[in-house]
There are 2 protein chains.
Amino acid sequence: MASKKPAPVKADAPARKGRSATSYDVALRAGVSQSAVSRHFKPGASVSPETRARVIKAARELDYIPNALARSLITRRSNLVAVLISNLTNLYYPEVLSELSQQFVSKGMRILLFTVPHEEDIDQVVSQVWQYQVDGVIAATRLSLEHIMEFERRGIPLVLFNRTLKEKAVNAVVCDQIEGARDLVSRLAATGHQRFGIISGPKDSVVGQERTRGARARILELGLREPLIVPGEYDYQSGVRGMRELIDAKGKAPDAIICGNDIMAIGCVDAARHEFGLDVPGALSIAGFDGVEPATWLSYQLTTLRQPVQKMAHSAVDMLVSLIGNEQDSPEKRVFSAVLIEGKTARLQQPPQ
Amino acid sequence: MASKKPAPVKADAPARKGRSATSYDVALRAGVSQSAVSRHFKPGASVSPETRARVIKAARELDYIPNALARSLITRRSNLVAVLISNLTNLYYPEVLSELSQQFVSKGMRILLFTVPHEEDIDQVVSQVWQYQVDGVIAATRLSLEHIMEFERRGIPLVLFNRTLKEKAVNAVVCDQIEGARDLVSRLAATGHQRFGIISGPKDSVVGQERTRGARARILELGLREPLIVPGEYDYQSGVRGMRELIDAKGKAPDAIICGNDIMAIGCVDAARHEFGLDVPGALSIAGFDGVEPATWLSYQLTTLRQPVQKMAHSAVDMLVSLIGNEQDSPEKRVFSAVLIEGKTARLQQPPQ
DNA sequence: TTGTAGGCGTTATCAT
DNA sequence: ATGATAACGCCTACAA
């Protein structure tokens with residue numbers, strides 16, 4: 001029988017069966033010390049060409065790859081970033097995630113993905129985040145004040161994406177929804193729209209509420225009548241239902257409908273055209289927010305306020321990375337402006353006299 | 001002014017400044033050994049109610065959370081799963097990712113996300129995967145034989161999602177594209193379609209090629225004329241361009257167009273209707289693959305072959321998890337059938353005599 | 001430039 | 001049931 005104590009490693013081959021080679025194995029094979037191997041993988045380390053060559057050779061022969069987990073343990077940097085995202089079926093988020101991903105790879109960081117299907121689950125999710133010693137967090141989810149405080153307490157840099165907190169200043173990259181919504185209303189009012197309807201986002205969506213609030217405020221400012229507001233859940237069916245409700249509501253039907261996001265706007269357009277036979281934008285103007293891809297499709301060519309997702313993602317990653325390096329100083333909020341895409345679902349040009 | 005230096009740590013607090021509490025800190029505070037703390041967090045461990053109480057108390061007071069990285073180092077299980085995904089802007093993938101994510105959380109595993117924007121980048125991406133000691137990999141990307149062999153060599157369980165390899169049996173969850181494509185053609189032929197056009201997926205997409213091949217084979221089998229095949233890239237514009245090319249091609253225009261995925265089909269429908277004023281499905285039938293959400297929108301109600309994404313994701317996760325537990329035995333391929341959604345962009349019913 | 005040795009935070013083994 | 005003690009694979013002074 002083989003002795004119970006670990007057999008003296010054979011000169012060649014990675015010692016323990018099934019396991020992958022370690023830096024120690026490589027050192028053994030290259031005839032150098034383990035630290036020499038380690039150094040070799042560190043960028044600006046001092047190592048003679050000769051040793052380097054031997055290490056490279058041995059490493060290649062053994063298929064050696066450094067263990068990032070072990071490294072993180074000692075360096076206290078995991079190069080892992082948590083991305084919390086609500087609802088990937090939301091169409092807006094995949095774009096965000098995709099951009100974030102690209103940016104992070106270019107910084108040499110890996111994404112630990114946490115999807116939050118239901119708001120209730122957020123607690124559980126957040127508690128999972130700590131365990132993996134992520135260097136930072138980007139959250140595109142609703143986050144409670146307590147959670148944010150906890151991040152701060154644990155010293156984990158956090159950047160909110162398209163979210164802010166009323167109660168507390170916090171690092172965030174956002175798009176000015178109110179400004180956008182006001183512009184939109186102004187433009188619509190300038191071309192004669194008078195009766196506004198709004199299909200709003202869910203109550204717990206700050207972004208959605210801002211869009212609604214901004215639009216409503218401007219409507220009233222302009223002396224137009226109180227808009228009819230019906231609730232939605234950011235999905236296509238909400239747009240369809242919203243349209244029905246606005247039509248069914250007593251009083252004259254609106255001549256302009258502002259939807260909390262593009263998908264609802266698309267549902268709204270479809271319902272208007274296919275269910276009610278309305279001419280959009282002839283009889284009714286409809287606009288959305290986000291600027292997702294389907295909004296550009298020929299069937300819609302939606303009038304919408306496009307968020308500069310790419311810029312925002314870039315900015316968020318930059319912010320997080322610089323936060324990770326340095327001490328946390330005062331929170332910063334980067335605000336981007338939405339861009340009005342005129343599209344063809346709203347009358348925004350003066351009719352020729 | 002408040003002093004700049006961090007206040008001297010209280011006797012209680014975790015010792016080293018800025019660092020989070022370790023099991024050792026908890027042990028100290030609870031007056032037990034470090035291993036007792038470790039045991040406490042292990043499910044079926046033997047620990048007296050009294051010590052347990054003290055550990056819980058101390059842990060809570062110190063905000064202690066176990067370090068998953070350190071744990072993984074010794075247990076050789078990271079509970080990390082790599083998900084390789086091509087192109088999140090593809091609309092089909094976010095659905096997949098979303099489902100995978102849900103399933104993995106329920107198994108207590110975390111997702112390390114790797115997006116592969118360009119096929120060329122795959123090498124770099126794959127090499128990143130190893131470092132983090134993931135327990136397994138789900139790949140919804142094109143993967144070369146070498147890569148797959150490398151996974152095998154390193155003993156990392158791999159499940160391909162909607163992909164297979166001709167050269168080698170490999171664990172995979174797929175949807176039978178050929179069967180689906182054949183069915184679709186049969187149905188179309190049964191209602192009198194004779195001249196087929198195909199807008200195919202990109203050359204390097206196995207799924208796309210299968211769809212095209214399956215359709216073409218059945219078309220020829222039925223004695224119909226060789227279909228006109230134009231290439232596409234799975235995006236909306238490809239559908240639009242494809243439509244144009246099919247119209248421009250010499251010979252009579254097709255009366256049925258099969259597109260490599262829904263998004264191209266949508267582009268194709270839009271081009272047909274808005275650019276060429278064609279009646280779809282009256283003058284021209286158009287069908288796609290995948291069953292993504294926009295396909296259901298009122299403007300389209302696309303005829304399509306829906307992939308059972310949820311079932312497939314569920315199955316893939318199950319497969320991977322059981323692979324992780326046990327030794328790798330012979331590769332398994334799980335094949336699902338697509339479901340034909342009749343929709344309203346193709347004539348699939350016999351006109352009433 | 002190179003090697004030795006200690007430590008990162010945890011789990012596992014083995015006495016007690 | 002509990003506590004030493006040895007890994008796990010790596011990085012990093014420090015000494016040579």
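In what follows, every chain begins at residue 1, and chains take the letters A, B, ... in the order their sequences are listed. Heavy-atom basis, side chains included; hydrogens, waters and symmetry copies ignored.
- For dT10(C), the OP1/OP2 oxygens have no side-chain nitrogen or oxygen of R39(B) closer than 4.0 Å.
- Among dG9(D), dT2(C), dT10(C), the nucleotide with an atom closest to any side-chain atom of T51(A) is dT2(C).
- Remark: side-chain polar atoms of S86(B) are paired, donor with acceptor, to backbone N or O of A140(B) under 3.5 angstrom.
- Considering only heavy atoms from C-beta on, H314(B) stays 4.5 Å or farther from E99(B) through its side chain.
- Listed nucleotides: dT4(C), dA12(C), dT2(C). Nearest to the side chain of S35(B): dA12(C).
- The backbone N or O of L143(A) sits nowhere less than 3.5 Å from a side-chain atom of T141(A) that would complete a donor-acceptor pair.
- Listed candidates were dT1(C), dT10(C), dC11(D). Nearest to the side chain of R71(A) is dC11(D).
- Residue F41(A) is classed as having no contact, given no heavy-atom separation below 4.0 Å to the nucleic acid.
- Scanning atom types as modelled, no donor and acceptor separated by under 3.5 angstrom connect the side chain of S33(B) and the base of dA4(D).
- Rounded to whole Å, atom P of dC8(D) lies 16 Å from atom CD1 of I74(A).
- The side chain of R77(B) places no N or O atom within less than 4.0 Å of a non-bridging phosphate oxygen (OP1 or OP2) of dT11(C).
- Atom CG in L73(B) sits roughly 17 Å away from atom P in dG7(C) (whole-Å rounding).
- Look at CG on N67(A): it is 6 Å from C1' on dG9(D), rounded to the nearest Å.
- Counting to the nearest Å, the C1' atom of dT10(C) and the NE2 atom of H40(B) are 15 Å from each other.
- Here S38(B) reaches the OP1 or OP2 of dT11(C): one of its side-chain N or O atoms lies under 4.0 Å away.
- At whole-Å resolution of the value, CG in D25(B) and P in dG9(C) are 8 Å apart.
- Rounded to a whole Å, the CG atom of N79(A) is 14 Å from the C1' atom of dC10(D).
- Of the side-chain N and O atoms in K42(B), one or more sit less than 4.0 angstrom from OP1 or OP2 of dA12(C).
- Q34(A) contributes a side-chain N or O that forms a donor-acceptor pair with the base of dC11(D) under 3.5 Å.
- One finds no side-chain N or O of Y24(A) lying less than 4.0 angstrom from the OP1 or OP2 phosphate oxygen of dT4(C).
- Between R110(B) and F104(B), the closest side-chain pair of non-hydrogen atoms is not below 4.5 Å.
- When rounded to the nearest whole Å, the span between CG of L62(A) and P of dC10(D) equals 12 Å.
- Taking every side-chain heavy atom of S48(B) into account, dA1(D) is the closest of dT2(C), dA1(D), dG3(D).
- With respect to I324(B), the side-chain contact (heavy atoms from CB on, under 4.5 Å) criterion is satisfied by exactly one of D135(B), V134(B), N79(B): D135(B).
- Look at T75(A) and you won't find any side-chain N or O under 4.0 angstrom from OP1 or OP2 of dC8(C).
- Taking atom CD of Q131(A) as the reference point, atom C1' of dT11(C) lies 15 Å away to the nearest angstrom.
- Between F41(A) and Y64(A), the distance from one ring center to the other falls under 6.0 angstrom.
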